[in-house]
2 protein chains.
Amino acid sequence: MTLSRLLVYQFVAKLLVMKNTEEKSKYHHGDLRETLLLVATEMLQESGIKEVSLRKLASRVGVSRTAPYHHFKDKNALLCGIAEKGFEQLHQINKCGSKLEEISVKERFYRFIHDYIQFANNNPELYELMFGRTIWKDKSSTLELRDSAYPCFQFQVDMTQEWQKQGLFNIDDNALRVSQILWGTVHGIAKLFIDGIYTDNSKIDEICDYAVRLFLSNST
Amino acid sequence: MTLSRLLVYQFVAKLLVMKNTEEKSKYHHGDLRETLLLVATEMLQESGIKEVSLRKLASRVGVSRTAPYHHFKDKNALLCGIAEKGFEQLHQINKCGSKLEEISVKERFYRFIHDYIQFANNNPELYELMFGRTIWKDKSSTLELRDSAYPCFQFQVDMTQEWQKQGLFNIDDNALRVSQILWGTVHGIAKLFIDGIYTDNSKIDEICDYAVRLFLSNST
DNA sequence: GTGATAACTAGACAGTGTCAACTTTGAGGC
DNA sequence: GCCTCAAAGTTGACACTGTCTAGTTATCAC
């Protein structure tokens, strides 16, 4: 709903900017909110969250220091906006992986673990932000962020339920709890990698292998 | 308790300073390095890493803004110093848990998981610092930090080896890899709790139960 | 056209980490 | 006991940061 309104707004804004001449005054940017999110994500991926400052962002986009405040309540809201898109991406990856019907359940389970950790590894700074306390602790998470993150969380529980039905895990176990352990595992491994404690990236496949083995040594 | 220890410590430090005359000049603090670490840890636990600034710390200790720079190269070095002590604590907890010979291996395994997550939960800000990218990424970790952290990491591998010998895990598996999965799991769950994504602390015991069950459903 | 209002700007303030230059102090060699 | 010197502590300064207030400009609805 907010998204659709946003899209309408962007469309209108672009029309307005291009209305007469392409060299229309730039006092109004036209699509500043989305541009800010894009450039901020770029800065994040390039040089880490520590280098993302509203002032640098603004100057990079070509607006004044305080312009972003008309689109985001504060810096936290901007960060939530970035994380939002991250969750949409991750959700998409999970959905794709679970759809592969030509491979066995066990392989799909491996794929989930592997793709998850790979996503974190390919987008370390984004992942750090998405699951960091900066945006989650102290109820600082935006409503929109929660709207984008919760379905992603829920999907992991749904997948676990599916795995139970297919015999990977005990059907009598509480799916939420099992999912919390599984997610904890991939999250923990991902974190240890991207935080620089596990350093040998070339071992990711092997580690995923072991994870699958430890969890499934009893099944099938 | 931390506070009382701090006060005792400061008292002793002051005693040393006042060795001869009680109104000895306070120009030299006497034990600024250790006091800084203690008070900084306090500030960290009280109100989070975001509230720990060198200037506030200095004023709280009663010295000038730049005094800490004579004992720590920069803020990062101070944070490493705090984390160092955290690792010593965690190592101690692990060692204690592994010594309980009157309970079964399986119970000791449960205790490891439980105590680990409990430690993180009791010291969320400290744990966050200890394993955060702030001090680990970009080779910013101090030599002293690594000296205190690596034995702690190694101990988890040693424990895993012990568990293998006792039949909890396949003896032929690579102990390092198994340990990486196990540690990943407890680390991930701990992080999800302290970062505010898993919110129901009352479920910690149950979650630990499930973790043990998932890993050990094949053994014994 | 005419408000109203959304979008944007500049100025200001209180923070931050850290560098350089200066002062005080205590310990060790004479 | 004095003198030196390095260690410990000081103030001033700089370049940053997020965010508030007040003012300006462009655009939309009427």
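None of the values given here were measured: they were computed from a predicted structure.
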So, does the side chain of B:Arg65 form a donor-acceptor pair with the base of C:dT16 at under 3.5 Å?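 Absent.
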
Could one point to a donor on the side chain of B:Thr66 or the base of D:dT11 with an acceptor on the other under 3.5 Å away?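 Answer yes: a donor N or O sits under 3.5 Å from an acceptor.
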
Among [options], the nucleotide that comes nearest once only the side chain of [X] is considered:
{"X": "A:His70", "options": "D:dT10, C:dA10, C:dC8", "value": "C:dC8"}
{"X": "A:Val63", "options": "D:dT19, C:dG17, C:dT9", "value": "C:dT9"}
{"X": "B:Ser64", "options": "C:dT9, C:dT18, D:dT11", "value": "D:dT11"}
{"X": "A:Ala67", "options": "C:dC8, D:dT10, D:dG18", "value": "C:dC8"}

Without decimals, in angstroms, what is the distance between [X] [atom1] and [N] [atom2]?
{"X": "B:Glu51", "N": "D:dG18", "atom1": "CD", "atom2": "P", "result": "16 Å"}
{"X": "A:Ile49", "N": "D:dG18", "atom1": "CD1", "atom2": "C1'", "result": "14 Å"}
{"X": "A:Phe72", "N": "D:dC20", "atom1": "CZ", "atom2": "C1'", "result": "19 Å"}
{"X": "A:Tyr69", "N": "C:dA10", "atom1": "OH", "atom2": "P", "result": "16 Å"}
{"X": "B:Leu36", "N": "D:dG9", "atom1": "CG", "atom2": "P", "result": "9 Å"}
{"X": "B:Asp31", "N": "C:dG26", "atom1": "CG", "atom2": "P", "result": "16 Å"}
{"X": "A:Lys73", "N": "D:dT19", "atom1": "NZ", "atom2": "C1'", "result": "11 Å"}
{"X": "A:Arg55", "N": "D:dT19", "atom1": "CZ", "atom2": "C1'", "result": "9 Å"}

Less than 4.0 angstrom from a charged side-chain N to a carboxylate O is my criterion; do [X] and [Y] meet it?
{"X": "A:Glu46", "Y": "A:Arg60", "answer": "yes"}
{"X": "A:Glu125", "Y": "B:Arg133", "answer": "yes"}
{"X": "B:Arg213", "Y": "A:Asp173", "answer": "yes"}
{"X": "B:Glu128", "Y": "A:Lys137", "answer": "no"}

Could you check whether the rings of B:Tyr198 and B:Phe193 sit parallel, tilted or perpendicular, using 30° and 60° as the cut-offs?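 Perpendicular, since the angle between the ring planes exceeds 60°.
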
Does A:His71 have a side-chain nitrogen or oxygen under 4.0 Å from the phosphate oxygens OP1 or OP2 of C:dA6?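 Negative; the distance criterion is not met.
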
Would you indicate what B:Lys56 reaches in the nucleic acid, counting non-hydrogen atoms under 4.0 angstrom: base, sugar-phosphate, or nothing?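 Sugar-phosphate contact only - B:Lys56 comes under 4.0 Å of backbone atoms but never of a base.
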
